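Counting starts at 1 for both ligands and their atoms, in listed order. Predicted, not measured: the structure shown is a model, and the values here were computed from it.
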Amino acid sequence: MNWNDAKFETKAIHAGQDPEAKTGAVVVPIFQTSTFAQPAPGEHLGHEYSRTSNPTRDALQDCLAALEGGVQGLCFSSGLAATHAVLALLSAGDHVIAMDDMYGGTFRQFDKVWRRHGLTFSYGDLRDPGVFDALVTPQTKLLWLETPTNPMLKLVDIAALSAKAHAHGVLVAVDNTFATPYLQQPLALGADIAVHSTTKYIGGHSDTVGGAAIVRDADLGARIAFVQNANGGTPGPFDSWLTLRGVKTLAVRMERHCQNALAIALWLEQHPRVKQVIYPGLHSFAQKELAARQMRQLNGQTLGGGMITIILDGELAHARTFLSTVRAFTLAESLGGVESLIEHPAIMTHASIPPEQRRAIGISDSLCRLSVGIEHVSDLQADLDNALKAAFA
Ligand SMILES: *Cc1c(COP(=O)(O)O)cnc(C)c1O
């Protein structure tokens with residue numbers, strides 16, 4: 001059945017997930033097999049070998065394609081493997097423009113792997129779309145966006161930048177990990193590729209690592225599918241199944257993540273020991289008009305996601321005590337799971353970014369990143385309150 005006309009919540013549960021033809025199993029089975037019997041040489045029943053295709057992975061790919069409004073989804077063994085597959089479309093000499101504030105591992109892959117293979121990169125603060133005009137060259141082939149960015153939660157105008165890029169024949173990829181397709185639809189805004197670390201909100205339960213790239217053009221889909229099979233960074237059937245099980249509840253989880261995060265952000269804004277709270281759902285958020293235009297609204301409120309970045313009114317030592325005292329929040333890298341996590345980007349997730357560049361984008365030693373989970377908000381707030389008291393005792 002085609003679920004294209006269904007609402008998001010319905011697609012999450014049904015797209016790509018029709019009852020299994022042979023047994024009627026309501027849940028897509030885990031086809032834990034590497035290969036498929038052929039009735040005669042060269043004749044197969046739709047699958048030959050699980051790197052190339054596997055029914056459990058196909059179900060996840062079709063579901064994610066439906067959720068992002070694309071024609072094809074390709075899944076990978078990690079978010080960075082998905083990024084790698086997109087960059088593998090390029091050739092030596094090609095130029096890429098990317099946001100100056102982005103996931104540290106993406107920067108590391110661009111800077112330490114792809115540059116050695118002859119790609120060149122320019123980074124800019126694309127909050128001002130005019131920066132693209134200053135960076136674009138005849139060699140530019142890809143614009144890599146992340147919005148909201150990690151960890152400064154800067155937004156970039158996907159529609160404006162896609163129009164500019166397409167005028168130069170430049171492909172646009174958006175890392176949609178922080179927003180998820182529930183809050184933001186890059187392909188509808190003009191981007192060519194939506195990229196995910198499904199490890200985060202899409203999987204949602206911190207129990208598997210995975211990635212995806214979703215496209216709205218069949219030719220581009222075929223090119224990435226070729227890389228997926230040729231390079232082979234595919235997820236196994238069980239990881240695909242876990243991710244598919246997670247995605248079914250994406251809409252309800254995201255609403256609660258956003259509701260909890262907004263309440264915590266409003267409370268932190270009033271806290272005397274917190275110098276700054278960055279959250280796209282706040283009135284104080286610098287780009288609140290763009291957030292309202294580009295991200296989902298519910299009852300007149302922008303759903304700003306589950307990530308909050310705060311700057312404490314203190315030094316590294318205060319941040320260390322704060323982060324070592326929390327209990328309802330777990331001190332860990334990663335984000336987007338049902339449980340709340342907290343971390344210190346300068347020491348943890350963004351340590352691979354050179355210190356000067358970190359400082360330039362605002363990642364100071366008193367900056368902490370919160371991934372607000374779906375526990376009861378009053379427990380989360382009490383935990384932060386207690387840890388702030390300990391840090392500034
Ligand atoms: C985690 C993350 C990635 C990388 O994904 P992995 O699944 O860890 O490889 C890429 N982009 C963003 C925004 C992320 O948060």
>> Checking Q61 against Q228: is there a side-chain donor and acceptor pair closer than 3.5 Å?
In response: yes
>> If we set the cut-off at 4.0 Å for heavy atoms, which region of L80 has an atom near ligand 1: side chain, backbone, both, or neither?
In response: both
>> Under 6.0 Å between ring centres: does that hold for Y182 and F8?
In response: yes
> Can the ring centres of H95 and F121 be said to be less than 6.0 Å apart?
Replying inline: no
> At a 4.0 Å cut-off, with the gap strictly under it, does some heavy atom of S334 reach an atom of ligand 1?
Replying inline: no
> So is V195 close enough to ligand 1, meaning a heavy atom under 4.0 angstrom away?
Replying inline: no
>> Under a 4.0 angstrom heavy-atom cut-off, which atoms of ligand 1 come close to G210?
In response: 7 (O)
>> Is a donor from one side chain sitting under 3.5 angstrom from an acceptor on the other, for Q109 and T83?
In response: no
>> Heavy-atom distances under 4.0 Å decide this one: backbone, side chain, both or neither, for M102 against ligand 1?
In response: neither
>> Quick one about S324 and T321 (side-chain donor to acceptor, distance below 3.5 Å, no hydrogens or angles considered), yes or no?
In response: no
>> Taking the ring of F107 and the ring of Y123, is the distance between their centroids below 6.0 Å?
In response: yes
> Tell me: protein heavy atom nearest atom 11 (N) of ligand 1, and distance?
Replying inline: D175 OD2, 2.6 Å
> Taking N or O atoms only and a 3.5 Å limit, does T199 qualify as a polar contact for ligand 1?
Replying inline: yes
>> For the aromatic rings, using the six-membered ring if either is Trp, is the centroid distance between H44 and F36 under 6.0 Å?
In response: no
> Between F178, Y103, Y201, which one has a non-hydrogen atom sitting closest to atom 10 (C) of ligand 1?
Replying inline: Y103
> Does ligand 1 have a heavy atom under 4.0 Å from the side chain of L335, from its backbone, from both, or from neither?
Replying inline: side chain
> Which ligand 1 atoms does S197 reach within 4.0 Å, using its non-hydrogen atoms?
Replying inline: 1 (C), 2 (C), 3 (C), 4 (C), 5 (O), 6 (P), 7 (O)
